[in-house]
Amino acid sequence: MATHLITGAGSGIGAAVAARLHARGDDLVLLARDAARGKQLVDRYPGSRALVGDLADPDRLSWAFSKQAVPERIDSLLHIAGIVDLGPVGELRPKTWHQQLNVNLIAPAEVTRLLLPTLRASQATVVFVNSGAGLTAHAEWGAYGASKHGLKALADALRAEEKPNGIRVTSVYPGRTASPMQAKVHSQEGKEYAPERWIDPESVATTVLMAVDLPRDAEVADLSVRPGR
């Protein structure tokens with residue numbers, strides 16, 4: 001039975017991935033921002049475990065992990081959590097930049113660093129769920145796009161550094177996906193949200209599981225997923 005550590009399991013793509021892995025009997029370790037949220041996730045996925053750490057405060061992740069039992073084996077680390085706030089560069093305050101960089105880039109880097117000895121021992125697969133904005137940033141997507149461009153750089157560097165240790169690294173770049181985040185984006189854009197127009201989170205989950213389940217003789221480095229209609 002494989003063990004997967006997942007961030008962002010509470011909604012959207014993360015929830016779809018967690019549900020699929022749970023249904024097939026795999027062991028889930030779900031990162032939660034606090035104990036109350038951890039209990040909610042464990043109740044949703046019976047038999048899973050919560051690991052508490054606030055991605056919005058990456059400087060304290062090392063302390064938080066030191067106070068808990070971290071899994072002794074991790075077959076895949078799935079970075080799926082993310083936040084978004086749109087706005088033109090001329091209006092974005094440092095707080096908005098820090099918030100998105102912390103959750104979308106610095107926290108994944110720190111979680112990976114803290115778990116790296118276990119990932120090496122397990123020859124794990126690390127998946128970064130990025131975004132189309134991690135390849136091209138459009139107007140008002142500067143802060144979010146910068147965090148996701150940085151996430152691509154993190155994944156590329158990690159792949160090159162850890163290949164000799166047997167760690168596989170995949171970046172998935174979904175286009176607009178029907179999720180609470182997408183509803184927020186539409187609200188910020190002043191547009192009506194029609195979820196049927198966008199990618200179903202289950203479809204992105206399929207690509208994530210493909211990267212995780214791929215035989216060890218192969219690795220998917222980058223995978224873009226776009227709306228099919």
Side-chain angles (χ1 to χ4, degrees), residues 5-14 17 30-33 37 51-65 74 76-89 91-116 119 124-162 167-177 179-182 184-185 188 204 207-208 211 220-225:
L5 198 155
I6 309 173
T7 75
S11 67
I13 296 168
V17 170
L30 308 173
L31 190 69
R33 61 181 173 268
R37 182 58 167 165
L51 181 65
V52 175
D54 188 356
L55 298 179
D57 192 3
D59 287 338
R60 290 181 61 82
L61 286 171
S62 177
W63 176 86
F65 283 17
I74 299 174
S76 79
L77 171 58
L78 309 178
H79 292 288
I80 307 178
I83 62 171
V84 60
D85 271 303
L86 305 184
V89 173
E91 297 179 9
L92 291 174
R93 302 288 184 174
K95 181 179 180 180
T96 304
W97 285 91
H98 285 302
Q99 289 172 335
Q100 293 181 83
L101 289 169
N102 279 346
V103 173
N104 297 346
L105 173 58
I106 299 173
E110 179 66 352
V111 169
T112 302
R113 182 185 75 84
L114 294 170
L115 299 177
L116 202 50
L119 298 173
T125 297
V126 181
V127 178
F128 295 92
V129 175
N130 199 298
S131 166
L135 299 172
T136 304
H138 299 287
E140 301 198 4
W141 289 76
Y144 180 77
S147 71
K148 291 298 190 175
H149 274 68
L151 192 67
K152 179 184 186 303
L154 169 62
D156 290 347
L158 183 70
R159 184 182 303 111
E161 292 166 3
E162 296 299 327
I167 294 177
R168 302 188 299 185
V169 179
T170 296
S171 287
V172 179
Y173 303 90
R176 294 198 179 214
T177 302
S179 66
M181 177 183 284
Q182 193 56 231
K184 177 181 179 180
V185 166
Q188 292 183 342
V204 183
T207 67
V208 172
V220 174
D222 298 284
L223 182 60
S224 292
V225 186

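For the atom pair I83 CD1 and Y144 OH, the distance stands at 10.0 Å (nearest 0.5 Å). Put simply, CD1 on I106 and CG on D57 are 11.0 Å apart, with the number rounded to the nearest 0.5 Å. Note that NE2 of H79 is 4.5 Å distant from CZ of F128, once rounded to the nearest 0.5 Å. Annotation: the span from L115 atom CG to L51 atom CG amounts to 7.5 Å, rounded to 0.5 Å. Atom CG of L77 and atom CG of L119 lie 5.5 Å apart (nearest 0.5 Å). Going from atom CG of L223 over to atom OG1 of T170 covers 8.0 Å, rounded to the nearest 0.5 Å.
Between Q100 and V84, the shortest heavy-atom contact is OE1-CA, 3.5 Å. Residues A143 and L92 approach most closely at CB-CD1, 3.8 Å, considering heavy atoms. Considering all non-hydrogen atoms of both residues, A155 and S171 come closest at CB-OG, 3.2 Å. Nearest approach of G53 to A64, heavy atoms of both residues: CA-CB, 4.4 Å. The two residues A107 and L55 have their closest heavy-atom pair at CB-O, 3.4 Å.
Checked by atom type and distance alone, the side chain of S147 never pairs as donor or acceptor with a backbone atom of N104 at under 3.5 Å. T112 contributes a side-chain N or O that, together with a main-chain N or O of P108, makes up a donor-acceptor pair within less than 3.5 Å. Panel note: side chain S131, backbone A133; a donor-acceptor pair is recorded below 3.5 Å. In this structure, T7 contributes its side chain and I80 its backbone to a donor-acceptor pair below 3.5 Å.
For the pair L114 and S62, the minimum side-chain heavy-atom distance is below 4.5 Å. Using a 4.5 Å heavy-atom threshold, the side chains of L154 and L105 count as touching. Within the 4.5 Å cutoff, no side-chain heavy atoms of W97 are placed close to those of N102. In this structure the side chain of R33 never reaches within 4.5 angstrom of the side chain of V52, judged on heavy atoms. Side-chain contact check for V127 versus S76: every heavy-atom pair is 4.5 Å or farther apart. For the pair E162 and L116, the minimum side-chain heavy-atom distance is below 4.5 Å.
A side-chain N or O of D222 and one of Y173 form a donor-acceptor pair less than 3.5 Å apart. Counting only N and O atoms by type, the side chains of Q188 and D85 include a donor and acceptor under 3.5 Å apart.
Checked against salt bridge (Lys or Arg N to Asp or Glu O under 4.0 Å), E140 has no partners two or more places apart in sequence or in another chain.
Residue pairs meeting the salt bridge (charged side-chain N to carboxylate O under 4.0 Å, His left out) criterion with at least one member in residues 145-156, sequence neighbours excluded: K152-D156, D156-R159.
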